[in-house]
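Reckoned from all heavy atoms, side chains included, excluding hydrogens, waters and symmetry mates. Below, chains carry the letters A, B, ... as their sequence lines are ordered, and counting in each starts from 1.
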Amino acid sequence: NAGVMQNPRHLVRRRGQEARLRCSPMKGHSHVYWYRQLPEEGLKFMVYLQKENIIDESGMPKERFSAEFPKEGPSILRIQQVVRGDSAAYFCASSPPGHPYEQYFGPGTRLTVT
Amino acid sequence: AQTVTQSQPEMSVQEAETVTLSCTYDTSESDYYLFWYKQPPSRQMILVIRQEAYKQQNATENRFSVNFQKAAKSFSLKISDSQLGDAAMYFCACPTSGTYKYIFGTGTRLKVLA
């Protein structure tokens with residue numbers, strides 16, 4: 001059973017470009033969570049999605065950031081017009097239905113904005 | 001606001017010795033989960049051990065065990081027979097009250113000395 005998959009593992013973008021981060025949950029998992037880890041900090045919750053629904057985006061910056069989890073395909077975290085402060089590791093986690101506390105983390109995507 | 005505190009930014013331990021990493025948390029819930037994650041240089045988040053608050057027995061996974069003091073809201077991780085591969089950042093995490101949002105501590109960097 002493959003774990004949570006994220007790609008790319010490393011992403012370099014220039015200021016002003018768009019970044020798209022992908023997350024495929026574990027098989028059978030229908031809930032996806034995105035967390036961000038700034039340098040020398042712990043992870044911070046960004047958004048919680050179920051298929052075709054955003055359940056909680058209270059941790060998302062108000063501008064430039066969006067997330068989706070379509071009926072088919074991976075969840076995508078999109079950052080428009082990236083700035084240097086967006087440089088961080090972005091982790092996706094998934095959980096099985098009815099077990100939101102059982103979150104399994106992917107390997108993360110490290111975004112570097114130059 | 002719910003908090004998770006790791007008061008030791010860095011710890012060192014001799015190979016084969018035992019080390020304890022501390023974590024305190026604050027929650028208004030009576031039933032919840034607590035987690036320890038390991039983050040090696042690869043930056044992947046690896047679940048080390050999980051404790052369910054309603055269980056009085058401390059969780060154990062091979063060389064890893066916890067000392068869970070519910071009244072004191074303390075959740076320390078003990079690593080026995082430390083190995084070089086244990087060197088990593090260790091994060092304590094607790095979901096926010098009644099939700100799925102994990103709150104992470106700031107981490108403890110563990111060094112294992114040969």
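Nearest heavy atoms, B/Arg43 versus A/Ala89: NH2-CB, 3.7 Å. In plain terms, the two heavy atoms of A/Ser58 and B/Lys101 that are nearest each other are OG-NZ, 2.8 Å.
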Q: Carefully, step by step, assess A/Asp56 and B/Tyr100 under the rule side-chain contact (heavy atoms from CB on, under 4.5 Å).
A: CA-CA 10 Å; A/Asp56 182 348; B/Tyr100 35 77; 2.9 Å; yes
Q: Report the C-alpha distance between B/Gln39 and A/Phe91 in whole Å, list the side-chain angles of each, state the deciding distance to 0.1 Å, and finish with yes or no for side-chain contact (heavy atoms from CB on, under 4.5 Å).
A: CA-CA 12 Å; B/Gln39 189 176 47; A/Phe91 289 89; 3.4 Å; yes
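Under a hydrophobic-cluster definition in which Ile, Leu, Val, Met, Phe, Trp and Tyr are linked whenever side-chain heavy atoms come within less than 4.5 Å, directly or via other members, A/Tyr90 and A/Ile54 are assigned to the same cluster. The hydrophobic cluster containing B/Ile79 also contains B/Val48, counting ILVMFWY residues as joined when their side-chain heavy atoms lie under 4.5 angstrom apart, directly or transitively.
Of the two parts of A/Gln6, neither the backbone nor the side chain holds a non-hydrogen atom closer than 4.5 Å to a non-hydrogen atom of chain B. Heavy-atom distances place no part of A/Tyr104 under 4.5 Å from chain B, backbone and side chain included. Neither the backbone nor the side chain of A/Ser95 comes within less than 4.5 Å of any heavy atom of chain B. For chain A, the nearby part of B/Phe35 is the side chain; its heavy atoms alone come within less than 4.5 Å.
A 6.0 Å sphere centred on CD of B/Gln56 holds no more than 12 heavy atoms belonging to other residues, nucleotides or ligands. Residue B/Arg109 places its CZ atom among 12 or fewer non-hydrogen atoms of other residues, nucleotides or ligands, all under 6.0 Å distant. The neighbour count for B/Arg63 CZ, taken as heavy atoms of other residues, nucleotides or ligands under 6.0 Å away, is above 12. Atom CE of A/Met60 has more than 12 neighbouring heavy atoms from other residues, nucleotides or ligands inside a 6.0 Å radius. In this structure, B/Glu15 places its CD atom where more than 12 heavy-atom neighbours from other residues, nucleotides or ligands lie under 6.0 Å away.
B/Phe64 is linked by a ring-ring contact (aromatic ring centres under 6.0 Å, His included) to nothing, counting only residues two or more places apart in sequence or in another chain.
Between A/Tyr33 and B/Tyr102, the ring centre distance reaches or exceeds 6.0 Å.
In this structure, B/Tyr33 OH and A/Gln103 CD are separated by 12.0 Å, a value rounded to the nearest 0.5 Å. Considering OH of B/Tyr37 and CZ of A/Phe105, their distance stands at 4.5 Å, rounded to 0.5 Å.
For the pair B/Met89/A/Glu40, no side-chain contact is recorded, criterion being any heavy-atom separation below 4.5 Å from C-beta on.
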